[in-house]
Structures are given as structure tokens and as C-alpha cells.
Amino acid sequence: MTQGAGQGPDVWHDGATTGGTGTARTLSPAQTAPGAPVAAPQPGTPGLPVETTGPQTDRTPPVTPGGPLSALRTGGPVPAPVHHDPRPAADPALRAAPPTPGADPLTVTAATPPPPPAPGGPEPVAPGPAPAAPGTPGPVEGMPEEYTPTARDLPVIGAAAAVPEGREPTMVDVPAAATSGNEGDGPLYVVGDVHGYLDELRAALRQFGIIDADNKWIAGNARLWFLGDFTDRGPDGIGVIELVMQLSAEAAAAGGYCKALMGNHELLLLGAKRFGDTPVNSGAGTASFQAAWLLNGGQRTDMERLADHHVQWMSRLDAMALADNHLLVHSDASCYLDYGSTIEDVNDAITEALQRNDAEETWELFRKFTKRFAFREETAGPAAVRDMLDTFGGKRIVHGHSPIPYLLGEVDSEDGESAPSVTGPHVYADGLAIAMDGGVTMGAKLLIAKLPLVQ
């Protein structure tokens, strides 16, 4: 809940966020999703999970997998359940608005805000997590501390979203086997967080020779993985989902594959669709998915176009996968260890949890997936990565979620004149982790990389 500073740190620390300061723009009254009339949360709204910063150390008892759920993720019937940093390129007035440095707005939690840091002193940190690195964005003045804005936190809500004509969405989503054996397969590509920026995604895929001018798959037996967070903040999240679904079918027909992982924004959109403003216990008061979704970039046009087949597709996405000894996940967090000791167990446990359609359980999933920066600390970071690799396999972990500019503490200025400089994936944690969120929601780069990276 996107997340790491910039796209925004979306880390939730049981009711408290950590990080720096910033200035948030107020949300437009139009940012109300269809359905029950729910006003956008006002500053001080208690209980909304917020993506914060800092390593994650809390661990809850593991969820016992209920049994094989591969049928659910490969097209079996699923109960119809029901996941802003927009950047309208054509509106110079909006572009001129100063960007709000911070994290990926995903969840909202209302806890007592930490005292302001003393000049030159360290940032206050919630009990438990280790201190965040300097430059990490945090609570924003005038907004609930759960709110984690980004430089492109401009209202796209209400903007007309083009609905592709003549396209029949498909439900092709065949999970890859949890094994690193890929002999004979084509090249492996990964895509970072997209957040509704459909035009940028198409341009990047064309640059890598994956799609043609008509947005059709031309990569043969190549393998393409999306690391999650398709919607929210950008103008056409549903268009992004439909493109991924389309490419899944076309790639399979060509002997390759296109697959996607579950991001915290998928959990957020699913929760907003299924549960709306149903109260949930955030650990810091009463919250709701509706309020959290609006505060974290939820787009009205996405909710209006969200259909049952989109919901079913999202609800059975895998949480993690292994390809060519790369452990692929969305969040740079250790929460995956809470759900099992194998990739299959984790994927089954999370899919099963979503099928139970329980608001509190879904909220807990969302809360955990919004955590970030578990691999960033100089000593604890590499150890956390090794813990994940030792448990699930692989030689490197590849993740999205935390924008690279925030991961590095290189947050852009608030003048909105320039975008953060990101040229490619960021390798860190003793070379064991690869960050793939270039910060498209901050006006930076939507990243695609071919693995293994050439050093």
C-alpha cells in the first residue's frame, strides 16, 4: 500500500508511521468512489493503515495453508469478490503543482503523530521497528499520518479514462512452477510498479521489443513478470490490468508467458470493492478500505470500470514466484514468512484468505504488504534477504513497492521542476536484492529489466 518513499513508503507499523515530513495536497471532493456516499477522510482520521518507512521486524504466527488452491489461480470458479498519484500529461496546470515528496500512499492508520525531530536530530520512530534512513518520507502536514503522498499526487479523479474498444478481456493466468529450472525458455523480464500509467507501460514494453505498435505480444517464448501494483494514482489502472491479461493470453499462444504478482494496491482495491466503508480494526482505531483506498490514490474511474473478471483475476494472483534463481515478490518486507515456509504454501494461504472474504483478514494482509525497507539497513538488511532466500530458494530477491529514490533517501525537491533521476534497477543488500520500482508516480521511470542483470 506502492510504499517506500516516493511511490511512497507504504509501511505500516501497527498504528504508527516513521519518516520525514512533507506537504500534502488536499483531496478533491470528486475522489469518492461510486456506492455509499463516503467523504474523503479528513486530517486526523483514525485507523487507516499507512505505508511508512523503516525495517519490519514484527512477525505473527504463520497461517496454516488450507490445501491446494492451484485451481483457484488457474481459472477455477472464484466467489465474485471484490483493490493516486495520477499524472494527467495533458494538463499543464496540474503538472505545475508542486509535488509532495513521500511514500506510496496506500494505507491509512491514525496514531498519535510522532513529535517533530530536533534540528539535526534523528527522526522519531515507532516502538519496535528500527529507525528509518535519513530522507525517508513520512507523515504529511495536514493529512493523517497514514497518508503517504508522492510527487505526482495530483487529482486525476474525474478524468476520462479511455476504454479500449474491441478487446475481450481474458482470464489466462497460469502460475509458474515454484522452481528455478527454465532450460529452453526465452529471456526473463520483470516490470516494476505501474500504478495506472498505461502509456508509460506501453512505451517501455515497446522499447524492450515485447509488444508492437498495436500493443500485441511479439516476444515469442520470452517470460514476463509484473511485480504488482497495477492501479491507483495513475489515470488508467483498469487499462493496465486488461493489457496484462491480454498479454498473458498472447504470450501463452506464442510459447512464452506473461504473469503477475499480488501487490498491496491489489489488496487495497479488492478490499474497497468488497467491503467499502465497513469498519475494520486497524490497531489504532476504526478504519475502512474505502477511506484507505481514497487516501492512497484510488481513482473513481477505475472503480467504475472494475468488473467481476478483474476482481477474480486479482484475487488469485500469486504472492511470490521463483524464476532463474530470482525470488520475485512485490514488497520489500519479510511478511511472506508469516504465511508459510514454501512458495506454494504462501501462495495457497494468501489465496485462501482472500476467498474467505473476511474484511479483518483482508485488512491484515493489506497492512503487512504495505511494509517496506526490510532489506535496506546495512547489517539487518542482508540478513533479512538471506532469511527469505534460505526459506524460499533463489540467489537474489527482486521486488517493487518501494520507489528507488526513496529507498536511497534521494527525494526530489518540492518545486515540481524535475523528476528523480532513476536510470535502472537498484542492486543493494550486499548484492542480494534488486529494487524495481523506478518511481513512475513521482515523474521518474517505469522500469523493465532483463534478468539476470549485467553487472
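Note: hydrogens, waters and symmetry copies are ignored here, and every other heavy atom, side chains too, is used. This is a predicted model, so every value here is computed, not measured. Residue indices begin at 1 and follow the sequence shown.
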Quick one: are L354 and M262 in side-chain contact, heavy atoms under 4.5 Å? yes
How many angstroms lie between CD1 in I397 and CG in L432, if you round to the nearest 0.5 Å? 9.5 Å
Side-chain donor or acceptor of N347 paired with backbone N/O of M320 under 3.5 Å: yes
Residue list, side chain to side chain donor-acceptor pair (under 3.5 Å) with Y189, at least two apart or on another chain: none
Gap separating the CG atom of D193 from the NE2 atom of H399, nearest 0.5 angstrom: 10.0 Å
Measuring from I434:CD1 to L453:CG, what's the distance to the nearest 0.5 Å? 4.0 Å
Quick one: are V190 and I448 in side-chain contact, heavy atoms under 4.5 Å? no
With side-chain contact (heavy atoms from CB on, under 4.5 Å) as the criterion, how do V240 and M245 come out once you've worked through the C-alpha distance, each side chain's angles and the decisive distance to 0.1 Å? CA-CA 9 Å; V240 170; M245 293 171 71; over 6 Å; no
Of the non-hydrogen atoms in A353 and E361, which two are nearest, and what is the gap between them? CB-OE2, 3.5 Å
Output for pair (Y428 OH, L408 CG), nearest 0.5 Å, gives 9.5 Å
Apply side-chain contact (heavy atoms from CB on, under 4.5 Å) to S331 and Y336, showing your working. CA-CA 9 Å; S331 305; Y336 300 88; 3.8 Å; yes
Is the distance between the ring centroids of H195 and Y197 less than 6.0 Å? no
Any side-chain heavy-atom pair from Q299 and D232 closer than 4.5 angstrom? no
Who pairs with F392 by ring pair (Phe, Tyr, Trp, His ring centres under 6.0 Å), at least two apart in sequence or on another chain? none
Within a strict 4.5 Å, meaning less than it, do heavy atoms of the L243 and R202 side chains meet? yes
Side chain to side chain, L317 and L261, heavy atoms closer than 4.5 Å: no
Heavy-atom pair with the smallest gap, counting every atom of G381 and A429: C-CB, 4.5 Å
Measuring from R223:CZ to D185:CG, what's the distance to the nearest 0.5 Å? 4.5 Å
Between F289 and F366, how do the two ring planes meet: parallel, tilted or perpendicular, split at 30° and 60°? tilted
Should W217 and C258 be marked as a side-chain contact (heavy atoms from CB on, under 4.5 Å) after you check the CA-CA gap, both sets of side-chain angles, and the distance that decides it? CA-CA 10 Å; W217 179 271; C258 171; 4.2 Å; yes
Pairing of K371 and D332 as salt bridge, 4.0 angstrom limit: no
Does a side-chain heavy-atom distance below 4.5 Å link F226 with L201? yes
Does this structure show an ion pair linking D324 with K395, if we count only N-O contacts that are shorter than 4.0 Å? no
So do the side chains of E242 and H310 get within less than 4.5 Å of each other, counting heavy atoms only? yes
Taking it one step at a time, do L224 and I210 satisfy side-chain contact (heavy atoms from CB on, under 4.5 Å)? CA-CA 9 Å; L224 178 64; I210 296 172; 4.1 Å; yes
Is a side-chain donor or acceptor of T351 paired with a backbone partner of D348 at a separation under 3.5 angstrom? no
Locate the shortest heavy-atom distance separating L327 from M388; write the atom from each residue and the value. CD2-O, 4.1 Å
Under a 3.5 Å cutoff, is there a donor and acceptor pairing between the side chains of E250 and Q246? yes
When every non-hydrogen atom of A435 is compared with those of L407, the smallest separation belongs to CB-CD2, 3.6 Å
Centres of the F230 and W313 rings: under 6.0 Å? yes
Note: A444 and G438 closest approach over all heavy atoms is CB-O, 3.2 Å
Rounded to the nearest 0.5 Å, how far does CE of M314 lie from OG1 of T231? 6.5 Å
Less than 4.5 Å apart, any side-chain heavy atom of L247 and any of L205? yes
Hits for side chain to side chain donor-acceptor pair (under 3.5 Å) against T342, two or more places apart or cross-chain, chain-then-number order -> D345
